[in-house]
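Everything on this sheet refers to the single structure shown next.
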Amino acid sequence: MSSISKASADRQKRVLTELLAQPGNNACADCQSPAPRWASWNIGIFLCVQCATAHRKLGSHISKVKSVTLDTWTKEQVESVRNMGNTKANALYNPDPLRNPPPTNMEDGERDSEIETYIRNKYQYKAFMKREPAKEKSSSSSVSRSDAPSSSGSSARRPPDLDIVVRTNRAPSSKAGTFPRPDPNMREAIEAVSPSASTFLSEMQSHTRELQMGNRDRARSTPPNAAASKSSRPSTATDGNKGFEFTSVG
């Protein structure tokens, strides 16, 4: 504070004296005791000596306490108190003083403990401030509800690409050398899984075509007599490249 000239310090003290005379500032911001001579300059309020002691216990990261008459003030510190003041600060930190009143007059030891708890709730925990509803949170929750599964267990929104796979990637009808048509309930079963099922279906369709083409090639290369001798029972073949077995439908 040595960099502050005496003239500047005297000027700031005169401003503080004028601020103390304003309505609301002429009583302690917390306990309403008259003629406060201390202040929390970062919060912007004037305090009595008992409440100033409680403010010091909060730590300077919450409340920076100075004496109006004994300490030297900078212009920025005075402006902080000028811009806020007791009335505006109480409207912010305790908008409902009837619901959250300061401690009543009690014996000194008990009063100090009660006022410290009150001041912590007011400035450190901000327990008395009005809470605005979280609009973004409510909006996100409504979106999540719209995407949630319905009571029947099916998804409320099905990805369009999965719907295309379900409608187009059907196995051919039951013929010799081909796979039978999937069960009618397959669509509902697919819709119940994640969108990654469409990738699985595409791979399954590609592999199914390879097996069908291999089965047709074997049918063409089989002699008529051998095919007639085996027509009375189902045949089992193995795709050597893929390692899958399938049974042709007679």
Side-chain angles (χ1 to χ4, degrees), residues 1-140:
M1 296 298 176
S2 58
S3 60
I4 300 176
S5 65
K6 186 176 184 300
S8 176
D10 291 341
R11 184 166 53 252
Q12 303 310 325
K13 284 191 176 182
R14 286 195 300 270
V15 175
L16 287 172
T17 302
E18 294 174 358
L19 293 175
L20 277 170
Q22 294 179 359
N25 293 339
N26 55 359
C28 176
D30 293 330
C31 70
Q32 300 303 310
S33 296
R37 288 295 179 266
W38 293 78
S40 172
W41 67 263
N42 64 312
I43 297 178
I45 55 177
F46 293 100
L47 304 165
C48 69
V49 63
Q50 288 84 5
C51 292
T53 302
H55 272 258
R56 285 189 184 277
K57 294 180 180 179
L58 300 180
S60 59
H61 62 291
I62 297 176
S63 183
K64 303 181 187 297
V65 180
K66 294 178 74 75
S67 170
V68 175
T69 57
L70 302 177
D71 292 328
T72 303
W73 287 62
T74 65
K75 181 180 179 180
E76 290 75 18
Q77 292 169 349
V78 173
E79 286 300 315
S80 176
V81 178
R82 185 206 297 270
N83 293 333
M84 180 61 72
N86 288 6
T87 302
K88 289 174 64 175
N90 280 328
L92 173 65
Y93 290 98
N94 188 10
D96 191 354
L98 296 178
R99 182 177 181 181
N100 306 298
T104 56
N105 291 331
M106 296 175 291
E107 296 183 3
D108 290 342
E110 187 178 357
R111 183 179 187 277
D112 290 344
S113 177
E114 291 292 329
I115 198 67
E116 180 182 345
T117 301
Y118 172 80
I119 288 174
R120 285 189 182 277
N121 287 333
K122 185 177 180 181
Y123 300 105
Q124 182 176 358
Y125 306 125
K126 298 179 174 60
F128 307 145
M129 295 178 67
K130 287 184 177 179
R131 303 297 179 185
E132 296 294 335
K135 295 181 180 179
E136 294 182 0
K137 189 173 183 179
S138 60
S139 175
S140 61

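Sequential numbering from 1 along the given sequence is applied to the chain's residues.
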To the nearest 0.5 Å, how far apart are CD in Gln12 and CD in Glu76? 8.5 Å

Ignoring hydrogens and angles, write down the donor-acceptor pairs under 3.5 Å from the side chains of residues 91-100, residues two or more places apart or on other chains.
residue: Asn94; atom: ND2; partner: Asn100; partner atom: O; Å: 2.9
residue: Asn94; atom: ND2; partner: Tyr118; partner atom: OH; Å: 3.1
residue: Asp96; atom: OD1; partner: Arg99; partner atom: N; Å: 3.3

Distance (rounded to the nearest 0.5 Å) between Ser63 OG and Leu47 CG: 6.5 Å

Once you round to the nearest 0.5 Å, how far does CD1 of Ile45 lie from CG of Asn86? 6.5 Å

Regarding Arg14 and Glu18, does a basic nitrogen lie under 4.0 Å from an acidic carboxylate oxygen? no

Spatial distance of atom CD1 (Ile115) from atom SG (Cys28) [nearest 0.5 Å]: 7.0 Å

Derivation and outcome, side-chain contact (heavy atoms from CB on, under 4.5 Å), residues Val49 and Arg37: CA-CA 7 Å; Val49 63; Arg37 288 295 179 266; over 6 Å; no

I need the minimum non-hydrogen distance between Asp30 and Cys51, along with the two atoms involved. CB-SG, 3.8 Å

Going from NZ on Lys13 to CG on Leu70, what distance comes out if it is rounded to the nearest 0.5 angstrom? 7.0 Å

Side chains of Asn42 and Lys66: do they bring a donor and an acceptor to under 3.5 Å? no

Give a yes or no answer on whether the side chain of Asn25 reaches the backbone of Ala21 with a donor-acceptor pair at less than 3.5 Å. no

Could you check whether any side-chain heavy atom of Gln124 comes within less than 4.5 Å of a side-chain heavy atom of His61, counting everything from C-beta outward? no

Do Trp73 and Val81 pass the side-chain contact (heavy atoms from CB on, under 4.5 Å) test, and can you show the C-alpha distance, the side-chain angles, and the key distance before you say yes or no? CA-CA 11 Å; Trp73 287 62; Val81 178; 3.8 Å; yes

Considering all heavy atoms of both residues, which atom of Ala29 and which atom of Tyr123 are nearest to each other, and what is their separation? CB-OH, 4.5 Å

Please find the pair of heavy atoms, one from Arg120 and one from Leu58, that lie closest to each other, and give the distance. CG-CD2, 3.3 Å

Answer yes or no: is there a donor N or O on one side and an acceptor on the other, between the side chain of Arg11 and the main chain of Lys75, under 3.5 Å? no

I need the Leu16 CG to Phe46 CZ distance, nearest 0.5 Å. 5.5 Å

Identify which one of Lys64, His55, Met84, Lys122 satisfies the side chain to side chain contact (heavy atoms under 4.5 Å, CB included) criterion when paired with Ile43. His55

